[in-house]
Amino acid sequence: MNGSRARDAGQPLLLGVRHHGPGSAKAVRAALEASRPRVVLIEGPPEADPLVPLAAAEDMRPPVALLAHAVDEPGRSAFWPLAVFSPEWVALRWALEHGVPARFIDLPAAHTLAWERDEEDRGGEDKDGGEKDGEDGGTDAGAEQDALDEDVRVDPLGVLADTAGYDDAERWWEDVVEHRGAGKGDALAPFTALEEAMTALRETYGSGGHGRDLIREAHMRLRIRDAQREFEDGVAVVCGAWHVPALRRRTGVTADRALLKGLPKVKTDMTWVPWTHRRLSRAGGYGAGIDSPGWYAHLFAAPDRPVERWLTKAAGLLRAEDRTVSPGHVIEAVRLAETLAALRGRPLPGLGEATDAVRAVMCEGSDVPLALVHDRLVVGDVLGEVPHTVPAVPLQRDLERTQRRLRLRPEAAERELDLDLREETGAERSRLLHRLRLLGIDWGRPAAARSGTGTFRETWRLRWEPELAVRSAEAGVWGTTVLAAATAKAEADAVAARGLADVTALTEHCLLAALPDALPVVMRVVADRAALDTDVAHLAQALPALVRSLRYGDVRGTGTAALAEVAAGLAERVFVGLPPACAGLDADAAEEMRGHVDAVHSALSLLGDVPAAPDGRLRARWRAVLRTLSARDTVPGVLRGRAVRLLLDEGELAQDEAARFMGLALSPGTPPADAAAWIEGFVGGSGGGLLLVHDERLFGLVDRWLTAVPTEAFTDVLPLLRRTFSAYESGVRRTLGELVRRGPGRRDRTDTAAAGAPGFGPGVDEARADAVLPVLRLLLGPDCDDGTRGERVEVR
């Protein structure tokens with residue numbers, strides 16, 4: 001295309017662009033201002049035409065995306081992302097500001113989604129390959145619909161960059177477009193040069209491996225003809241530069257319609273959704289493959305001196321993170337960036353030069369703070385906004401109302417949210433997040449609470465991703481509100497669950513999400529599955545979730561009497577079936593069963609604290625089961641040792657009796673591997689190392705057994721022992737090492753002091769004991785000693 005041809009009567013003004021290119025966006029704006037067309041045609045799905053006026057709304061802020069999804073299958077969807085620096089967005093806003101019609105002319109989304117479905121039915125073709133943003137630059141949906149049968153694909157920008165002697169297409173684009181301005185007197189000059197280049201490529205490579213473009217271009221030509229009949233010579237077309245030669249070529253209407261005949265089609269809905277810069281930077285999935293959206297937005301918005309302004313932003317970010325960056329650093333960084341550009345033969349510094357300058361001057365050569373600059377500035381956490389009047393499924397509307405009521409604003413940046421469930425707002429926020437997780441809308445993910453492990457607090461990590469708009473539409477099939485949809489989804493999941501543990505976990509989710517209408521259905525399924533399941537391992541896996549459900553139900557004020565009965569029945573069945581199920585297990589099965597035993601023990605410890613649970617008889621029965629396991633020779637050593645340890649921790653076994661059990665297990669007649677497994681069961685896990693540190697009888701038994709293991713058997717038991725002791729904290733291992741060096745049975749003060757074992761001394765260190773008193777008074781208050789304030793506290 002050349003400037004004179006663009007102005008010929010009857011010829012459409014074809015503005016070939018690179019999608020999401022700030023240079024193309026500025027050039028499009030200049031070209032539209034110069035030509036003043038009567039209609040603007042934009043590459044995009046025609047179903048979005050009714051949504052065009054919403055782009056002018058005050059509360060519409062890019063980045064945003066057009067979302068199309070199949071009505072009967074909401075999960076089948078496609079996005080067309082638009083940023084503030086996207087040429088299509090600039091063209092759309094120019095048309096709205098000047099009262100000019102704007103229409104989309106690409107292949108309808110109804111065909112795109114049906115095409116994708118048919119490919120999946122045929123076993124799937126390449127759906128990730130589509131055009132890269134710089135080539136067509138197809139939007140995300142264009143990339144999705146460019147699945148091809150051909151093996152060879154052409155990267156137009158890569159070919160042009162290689163021809164110009166560049167090894168980086170991004171750097172070539174910056175030099176020839178971003179740094180050259182928008183025409184410099186001739187607003188159409190950039191489009192003239194780009195069309196000539198693309199025409200040469202199309203003549204050489206044809207469709208370049210982008211086979212579907214032929215069909216898309218046929219549809220675009222038909223829409224352009226329609227606009228020309230209506231507006232004559234006042235038609236401007238904004239499309240990927242790769243398509244311009246094909247749209248310029250004269251073809252017959254009959255031939256174009258023949259290409260479109262018989263295309264599959266599905267019923268679709270279309271709406272605007274918020275998008276993020278981070279999502280634009282992703283090449284796969286729903287990303288647009290833009291490496292530096294934050295940098296592009298800066299280039300588009302900066303009125304002048306873009307590099308100086310960018311480096312000032314970087315300095316401000318680093319200063320906010322408590323790094324020492326002064327105005328002098330900015331000046332030196334600007335000089336370095338300009339010097340690097342001159343050495344590299346570039347017209348102006350680009351992102352590469354700016355990044356190198358930030359690393360060298362502001363980050364002192366370190367890539368750690370530089371990664372922060374890349375994450376916060378080069379990419380960025382910008383989240384767009386759309387008006388509340390955009391079309392949406394009822395569930396999405398209910399979610400938005402709830403978010404506003406609970407003051408939970410969706411944000412692109414990840415943040416932590418601490419909830420106090422004793423407060424109504426905290427409880428409501430928790431219920432909303434748990435309901436959304438049931439629906440597969442993972443806006444929030446549970447995290448470990450920083451303030452403790454109590455059930456009255458929850459910590460969540462929140463991050464809103466654009467795909468959640470699809471999940472919301474998909475979840476709309478379950479109901480019109482979040483509560484109704486979560487209830488229906490929980491009931492369906494309970495019926496479809498494969499195992500008992502899955503259903504009991506769902507019970508816990510129902511209580512956390514406060515779904516009282518779903519709980520009876522889930523409980524009925526739990527009871528039915530528990531009655532039919534005879535696998536003790538399955539029953540043991542299911543019990544902890546039920547007990548946690550009782551605990552959470554009590555915190556949230558939910559009636560759980562029926563749940564307590566099921567949990568008690570489940571526990572009784574575990575008690576009966578566990579001893580025979582533990583007999584004759586191999587090493588791997590024994591280790592797995594040990595995990596089940598620990599889980600049941602922890603669950604029953606919680607069950608005794610729940611008011612709705614039965615009395616302490618369950619725990620008494622469990623202790624009897626542990627005694628049975630500890631005494632049976634047919635039970636693997638790791639399970640016998642674990643049973644003895646649990647009884648000892650519960651206070652049901654005296655130290656002397658525990659030592660007797662260990663002595664029997666470590667007797668000369670016991671195979672070394674079995675003895676090592678018993679030790680792992682007894683002292684493995686939390687607290688096992690301290691048990692050996694503070695009870696020298698047990699420590700001496702282990703020490704004497706280990707020194708007596710025959711040489712030929714030592715290499716067999718060493719890996720097991722290493723796994724056991726390596727799990728201890730470093731301080732515990734160090735103390736055990738000192739005890740080994742000193743030898744068991746020599747804990748008198750003189751020997752300990754002589755050996756220099758850490759933590760032992762000849763007596764109480766009075767000065768060190770007194771040093772803690774001011775802190776104790778500060779914690780407990782001035783009147784904590786009931787009139788004895790100032791008296792010396794005896795510390796032993």
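Owing to the predicted nature of the structure, the values given are computational and were not obtained by experimental measurement. For this chain, numbers begin at 1 and follow the sequence in order.
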Would R463 and E411 count as a salt bridge (Lys or Arg N to Asp or Glu O under 4.0 Å) if you check the C-alpha gap in whole Å, the side-chain angles of each, and the deciding distance to 0.1 Å? CA-CA 6 Å; R463 170 177 279 181; E411 296 178 2; over 6 Å; no
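- Closest heavy-atom contact between M220 and L247: CB-CD2, 3.8 Å.
- Open room surrounds CZ on R319; 12 or fewer heavy atoms of other groups in view lie less than 6.0 Å from it.
- Geometric assessment of R29 against the ring of W94 yields a negative cation-pi assignment under the 6.0 Å and 45° thresholds.
- The nearest pair of heavy atoms linking H111 to P264 is ND1-O, 2.8 Å.
- Here the closest non-hydrogen pair linking H277 and P293 is O-CG, 3.2 Å.
- Nearest heavy atoms, A65 versus W275: CB-CE3, 3.5 Å.
- Under the 4.5 Å side-chain criterion, counting only non-hydrogen atoms from C-beta, D213 is in contact with R216.
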Criterion side-chain contact (heavy atoms from CB on, under 4.5 Å) on W115 and R212, from CA distance to verdict: CA-CA 10 Å; W115 218 334; R212 283 193 181 173; 2.9 Å; yes
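- By the neighbour-count criterion of 12 heavy atoms within 6.0 Å, atom CZ of R257 is sparsely surrounded, having that number or fewer from other residues, nucleotides or ligands.
- Looking only at atom types and distance, the side chain of E43 has no donor-acceptor partner in the side chain of W80 under 3.5 Å away.
- Without hydrogens or angle criteria, T276 side chain to A412 main chain gives no donor-acceptor distance under 3.5 Å.
- Of the charged side-chain nitrogens involved, at least one lies within less than 4.0 Å of a carboxylate oxygen, so that R223 and D49 count as a salt-bridged pair.
- Note that CG of D106 and OG1 of T112 are 7.0 Å apart. Values are rounded to the nearest 0.5 Å.
- Between R202 and E217, at least one side-chain nitrogen of the basic residue sits less than 4.0 Å from a carboxylate oxygen of the acidic one, meeting the salt-bridge criterion.
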